[in-house]
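Remarks on the structure that follows.
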Amino acid sequence: MDRKIRILGIAPYEAMKTAMQKLAAQRDDLELDVYSGDLEYGAEIVRHNLNNGYDVIISRGGTAELIGRITYIPVIEISLSVYDILRSIKLAENYADRYAIVGFPSITGSAHLLCDLLQYRIDIVTIHSSEEVVGTLQRLKQNGYRMVICDMITHTTAKNLGLNAILITSGSESIESAFDQAVKVSTGYLRLQEENRFLEEVVKFHTGDTVILDASDDICFSSWDREKADELYALLRGERPQIPPTGSHKFFRNIDNTLFSVDSRIIDSMGQEYAVFYITASKIPINTGRYGISFHSLRDTQERFFNSFYSITGAMGDLQNSIDQIGQSTFPVMITGESGTGKEQIARAIYAGSIYNRNPLVSIDCGLINDRGWEYLTNHYNSPFNDDQNTIYFKNIEELPSQRSRLLLSLIIDTGLYRRNRLIFSCTGEDGHPLPEACQEFIKRLSCLTVCLPPLRERTQEIPTLSSLYLNTLNLTLGKQLTGFSPDAMDLLREYDWPQNYTQFKRVINELATITNAPYIQKRDTETVLTKEKAIFRRSIGGYHRAPDPNINLNRPLDEITRDIINRVVAASGGNQTTAARQLGISRTTLWRYLNRS
């Protein structure tokens, strides 16, 4: 037997509880939890413990009979042997007054047999319910009886009526016999219980097709009978190492435009571990990732974060401790900052450290989501909005058109999406300016925790460290041995405003590392690259912009005029398409279409 039998003991009196505990401690085939309680009180104890996984219940007399009426768990009765009754009779032999044996048939039947064999002349009275006890004892007292040999309930009642009483106790041989019977009865049911539990665990979380892998990754059950079976099974085998010993592991995969949503867990049955996968497959109206919706596992996310410029250079800085603490909570989070400050990397870091990191990170780029993508999110049965315990990252929430922004906020609140999942938002705002109203509304209505990322120009003292760490990585990539920047070149980097923050800084360092052959990057090359950057971005009171031509030729088709205006607004916004789209009152997707028309 692979495990011990779990027994719930209900002892009618305290001495029996102690005896049961001592005898159980000497055995290695059972575990015993025992309580003192007679009749109704004993039955009430059982009611409170029915769902605690006991295999069998042991009790005695009327208490055992009463328990058997209220539970489906097998009940073993500690029988009163003739030795138990004989011991009590021997204790009463020197009693001078009249006495009788009173009890349920399990007692009086053995008492009659014993008295007949030994030619004892003792009055024996049988009762069949607890309601008969008081009347029976009162009649005996009126007839001159001064003591009774009895069970627990009769013993208690006799004391209350002023009668002496000897309690018939169960000896160790009777308790041992009950233990043996309990083990024998329970063992026969264990395999059936295990099989039922296994099937119950398998179907409990069933939402679609089910595939079960045994310990050798062989298919021992599969309800999947459609195409792509080999690809699906290969996917499941690859994901098996990610399943935790307890809990579940969720993931999404796209195979030939079929989205597989999989919930998996490990189930143990009869000493064997099985990986069970619950699969929902759907043809979705989008190519995952193409229109702003993508699914990432913890492994994918960690790889993207740890290989990013943000992680390599330690750009998180003093925010590290705050991010770690925020990751442990489940409150919605709003990440704000200028373009290029690393909002997406912070979102990945929060997800990687969260309690939901065994489930997917769903990333939604609000600037790229189109009508079909929006329909999938809000109305498709397999939408991540209908799932639980995932992390959903809404990138650039301010880029949603106002109507969709209001609808999304209402959907999040009305469906409890923010309680069922971890929500992370990012919002691009200009330093020193109020956040867009949509971002403020999400923060206010959802009580978001906020993470404000400072622009690089406020952290210029860190530029030498950032550049050194990143150059070390570039040396490995480019096969060079760059040592750093000359002092005057480093001064140029510190003095520059970095309108596109870390994104621009990374691009500049990439170019300088590529064109430099000497150990140190010199001022001349640095000045040349930064001059090109300044041709695109320059600082003014209103922000970063490229100086526009004030004259617009109106003698052209409307599309050309519109495209010209959009290009000028984008230039005036320093290339920040988010800011330009907001200023023009159009979505980022619409702006992108105009910019890419031929």
Side-chain angles (χ1 to χ4, degrees), residues 3-81 84 88 102-107 127-134 137 148 150-161 165-190 192-193 196-197 200:
R3 72 170 181 85
K4 295 181 179 181
I5 300 300
R6 295 198 64 214
I7 298 175
L8 173 62
I10 304 297
Y13 54 92
E14 193 66 29
M16 176 180 270
K17 173 183 174 181
T18 302
M20 291 175 72
Q21 288 173 328
K22 288 181 178 179
L23 292 171
Q26 300 170 12
R27 303 180 62 132
D28 59 6
D29 57 349
L30 59 84
E31 291 179 357
L32 173 70
D33 292 327
V34 60
Y35 301 87
S36 293
D38 196 28
L39 293 175
E40 285 293 346
Y41 181 58
E44 188 62 27
I45 294 173
V46 171
R47 287 190 185 95
H48 284 92
N49 287 274
L50 283 178
N51 298 319
N52 290 344
Y54 292 107
D55 300 306
V56 65
I57 299 172
I58 292 180
S59 190
R60 197 186 85 160
T63 305
E65 182 180 349
L66 190 57
I67 291 171
R69 299 174 190 170
I70 65 168
T71 178
Y72 59 88
I73 301 174
V75 178
I76 303 299
E77 181 179 354
I78 300 175
S79 62
L80 285 172
S81 69
D84 297 328
S88 299
V102 181
F104 287 87
S106 59
I107 292 176
I127 57 176
H128 299 278
S129 69
S130 58
E131 288 79 9
E132 298 178 30
V133 174
V134 174
L137 294 179
V148 290
C150 57
D151 60 9
M152 188 64 203
I153 186 171
T154 309
H155 182 274
T156 302
T157 306
K159 291 292 186 180
N160 291 335
L161 293 176
I166 294 177
L167 177 66
I168 303 174
T169 59
S170 295
S172 59
E173 65 277 359
S174 298
I175 297 174
E176 282 283 8
S177 176
F179 282 164
D180 291 339
Q181 188 178 356
V183 171
K184 183 177 180 180
V185 169
S186 298
T187 302
Y189 289 107
L190 273 182
L192 180 60
Q193 290 173 347
N196 288 340
R197 187 190 66 81
E200 186 178 292

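All heavy atoms count here, side chains included; hydrogens, waters and symmetry mates do not.
- The heavy-atom pair separating Ile67 from Ala43 by the smallest distance is CG1-CA, 4.1 Å.
- Ser81 is linked by a side chain to side chain contact (heavy atoms under 4.5 Å, CB included) to Tyr83, Asp84, Glu173, Ser174, counting only residues two or more places apart in sequence or in another chain.
- Counting heavy atoms from C-beta on, the side chains of Arg27 and Glu176 come closer than 4.5 Å.
- Partners of Gln26 according to the side chain to side chain donor-acceptor pair (under 3.5 Å) rule, which considers only residues two or more places apart in sequence or in another chain, do not exist here.
- Residue Glu77 comes nearest to Arg60 through the heavy atom pair CG-CA, 4.2 Å, listed as atom of the first residue, atom of the second, then distance.
- Here the shortest heavy-atom pairing between Ile10 and Gly37 reads CG2-O, 3.3 Å.
- By the 6.0 Å contact criterion, NZ on Lys22 is open, its count of non-hydrogen atoms from other residues, nucleotides or ligands being 12 or less.
- Contact annotation: the side chain of Asp33 approaches that of Arg6 to within less than 4.5 Å [non-hydrogen atoms, C-beta and beyond].
- Under the side chain to side chain contact (heavy atoms under 4.5 Å, CB included) criterion, Ala158 pairs with Leu137, Val148, Leu163, Ala165, not counting sequence neighbours.
- A heavy-atom distance below 4.5 Å is not found between the side chains of Ile5 and Asp29.
- Under the 4.5 Å side-chain criterion, counting only non-hydrogen atoms from C-beta, Ile7 is in contact with Phe179.
- Rounding to the nearest 0.5 Å places OG of Ser88 at 7.0 Å from CD1 of Ile166.
- With sequence neighbours excluded, the residues forming a side chain to side chain contact (heavy atoms under 4.5 Å, CB included) with His48 are Glu44, listed by chain and number.
- For residues 62-72, every residue pair satisfying the side chain to side chain donor-acceptor pair (under 3.5 Å) rule, not counting sequence neighbours, is listed here: Asp38-Thr63, Glu65-Arg69.
- Residues passing the side chain to side chain donor-acceptor pair (under 3.5 Å) test with Thr154 are Asp151, sequence neighbours excluded.
- Atom CG of Leu167 sits about 6.0 Å away from atom CE of Met152, to the nearest 0.5 Å.
- Across all non-hydrogen atoms, the minimal contact from Val134 to Leu161 is O-CD1, 4.2 Å.
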If you look only at distance, which donor and acceptor atoms sit under 3.5 Å apart when one is on a side chain in residues 11-20 and the other is two or more places apart or in another chain?
from  : atom 1 : to     : atom 2 : distance (Å)
Tyr13 : OH     : Ser170 : N      : 2.9
Glu14 : OE1    : Ser36  : OG     : 2.8
Thr18 : OG1    : Glu14  : O      : 3.3

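- Counting all heavy atoms, side chain and backbone alike, Ala178 lies closest to Ile76 at O-CG2, 3.8 Å.
- Applying the side chain to side chain contact (heavy atoms under 4.5 Å, CB included) criterion to Asn52, with sequence neighbours excluded, gives Asn49, Tyr54.
- The shortest non-hydrogen separation linking Val34 to Gln21 is CG1-CG, 3.3 Å.
- Once rounded to the nearest 0.5 Å, the distance linking CD1 of Ile175 with CD1 of Ile58 reads 9.0 Å.
- In this structure Glu132 satisfies the side chain to side chain donor-acceptor pair (under 3.5 Å) test with no other residue, sequence neighbours excluded.
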